[in-house]
*Asks:* 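Just passing along the structure, written as structure tokens.
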Amino acid sequence: MLDKASLDILRKALERLDEGFVALPAYEEKLQHPELAEQVLLNVAGRLQDNFPYFHPLYAGQMLKPPHPVARMAYALAMWINPNNHALDGGRASSAMEKEVVAAIAAMFGWDEHLGHLCGGGTMANMEALWVAGQLRPGLTVVASEQAHYTHKRISAVLGLRFEAIPCDRTGRMDMDALRRRLSQGGVGTVVATMGTTAIGSVDPLPDLLALRDEFGFRLHADAAYGGYFRLAGNLRPETSVAFARLTEADSIVVDPHKHGLQPYGCGCVLFRDPTVGRFYKHDSPYTYFSSAELHLGEISLECSRPGAAAVGLWATMQMLPLEPGGEFARMLEQGRVAALSLYSRLCEEPRFVTAFAPELDIVIWAPRAERASQASQLARQLFDAAAQRHLHLALATLPVDFFDHYRTGAARDQDTVTCLRSVLMKPEHAAWVEQIWAILEQATDTIAAQSFARS
Ligand SMILES: *Cc1c(COP(=O)(O)O)cnc(C)c1O
């Protein structure tokens with residue numbers, strides 16, 4: 001089931017790479033102890049079998065998307081060189097590729113000028129964005145919504161910045177009245193807009209946030225680690241499309257190519273609208289930058305050594321799938337959303353479940369219909385196991401009961417959160433598999449005693 005055809009292409013590309021070094025005096029890089037290496041690698045393959053099948057459409061749980069085969073091949077090819085994108089001395093070709101892909105991502109957000117680079121992931125990228133925000137707004141507080149990624153609170157602590165969470169409305173978006181009240185009290189330097197929350201895919205109302213920025217003058221950072229590429233999707237609700245369109249006006253943006261950008265892990269991206277923030281990164285290294293007066297990426301990045309292979313993988317993928325509205329890459333994102341809406345409409349018709357608001361991107365959440373939120377939580381865990389036994393891998397999330405009308409009030413609300421089922425339908429193949437996913441989910445639900453569910 002795993003793709004092996006790409007190995008032939010990889011071998012050809014490796015031979016081409018080799019040709020670049022023919023002028024060197026003869027020296028052969030040799031695999032030592034090939035029998036032992038084979039034995040070790042086969043053992044590794046055995047160990048790696050202990051994983052959920054992330055590549056398979058029946059893996060519909062967490063935010064895990066397989067890399068594009070071209071990304072995998074290009075990354076592997078680069079490993080024979082192992083470039084380091086810290087300095088041009090360590091990775092000339094891959095640094096050039098990084099500058100090109102980062103400019104293309106900035107262009108996707110409508111920026112023809114920017115400062116930015118790739119990094120380890122969304123955490124690192126957000127850390128740089130908040131670090132710059134803290135330099136520009138010293139002593140002031142960072143706020144993000146209660147549904148923002150937990151990393152913001154922790155990063156703020158690392159950076160010595162005060163952090164506060166702003167409540168969400170019943171669709172998981174930052175509550176604008178609550179934010180306004182907090183802003184009126186003063187002392188807020190930075191507002192983080194989450195453009196696609198990790199738990200449920202809600203998009204903060206960016207136009208309202210921008211209006212508040214005009215009024216209060218804070219710095220606006222957009223955490224689009226998961227959602228950023230949806231800017232290209234043509235099938236979002238109009239309100240969501242407008243929010244993504246106006247990302248152009250954010251001060252900084254984070255997007256994770258290793259989430260929706262089909263990349264292996266270790267590929268985040270941070271972008272600043274004002275290139276002059278590069279001044280905060282300034283450092284003097286006596287031994288790093290000597291081979292070129294051109295910009296070395298280590299001069300504008302907090303991480304020093306970084307895998308050039310990550311840039312190579314992303315560059316190759318973007319050659320195959322340019323970031324164009326209406327293009328194939330956009331269509332792949334749209335398919336995930338089609339899958340989410342299709343699963344959602346089936347869930348709405350099934351009396352044994354209660355649904356929340358309609359998915360804003362490609363994440364669906366639902367809970368079993370029970371007398372109380374605590375019972376629903378227990379049933380969700382049973383259902384999660386029963387589905388996994390049938391090779392359908394879902395996820396669980398503990399979320400505010402306010403997201404579900406049924407558990408929001410009265411006796412059903414015996415706790416403030418409910419553990420519900422969650423499915424991130426981020427593979428384009430999911431659209432064609434919803435029917436099968438649904439059939440398995442129904443079978444799994446049938447194994448749970450009928451009296452466990454409440455009547456609708
Ligand atoms: C995933 C995610 C992060 C963290 O990114 P990593 O790549 O896991 O470090 C931050 N914010 C949001 C909105 C995310 O979805």
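The structure displayed is predicted, hence computed values, not measured ones. Counting convention: from 1, in listed order, for ligands and their atoms alike. Computed from heavy atoms alone, side chains included, the values below leave out hydrogens, waters and symmetry copies.
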*Asks:* Is a side-chain N or O of Ser156 found less than 3.5 angstrom from the main chain of Arg162, in a donor-acceptor match?
*Replies:*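 No, because the side chain of Ser156 does not come within donor-acceptor range (under 3.5 Å) of the backbone of Arg162.
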*Asks:* Scan for side-chain hydrogen bond (donor to acceptor under 3.5 Å, both in side chains) pairs involving residues 184-212, sequence neighbours excluded, and state none if there are none.
*Replies:*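 Pairs touching residues 184-212 that pass the test: none.
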*Asks:* List the residues meeting side chain to side chain contact (heavy atoms under 4.5 Å, CB included) with Ile440, not counting sequence neighbours, and say none if there are none.
*Replies:*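 Counting only residues at least two positions away or on another chain, Ile440 forms a side chain to side chain contact (heavy atoms under 4.5 Å, CB included) with Leu58, Arg390, Leu392.
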*Asks:* So, Asp402 and Arg408, do they make that salt bridge, N to O below 4.0 Å?
*Replies:*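 Salt bridge between Asp402 and Arg408, a charged N being under 4.0 Å from a carboxylate O: no.
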*Asks:* Testing the 3.5 Å rule here: is there a donor-acceptor pair between the side chains of Gln415 and Ser374?
*Replies:*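 Ser374 and Gln415 do not have a side-chain donor-acceptor pair below 3.5 Å.
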*Asks:* Among residues at least two apart in sequence or on other chains, which ones pass side chain to side chain contact (heavy atoms under 4.5 Å, CB included) with Met97?
*Replies:*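 Met97 satisfies side chain to side chain contact (heavy atoms under 4.5 Å, CB included) with Val312, Trp315 once adjacent residues are dropped.
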*Asks:* With a 4.0 Å heavy-atom cut-off, what residues sit around ligand 1?
*Replies:*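 If the criterion is a heavy atom under 4.0 Å, then ligand 1 touches Gly121, Gly122, Thr123, Asn126, His149, Gly196, Thr198, Asp223, Ala225, Tyr226, Asp256, His258, Lys259.
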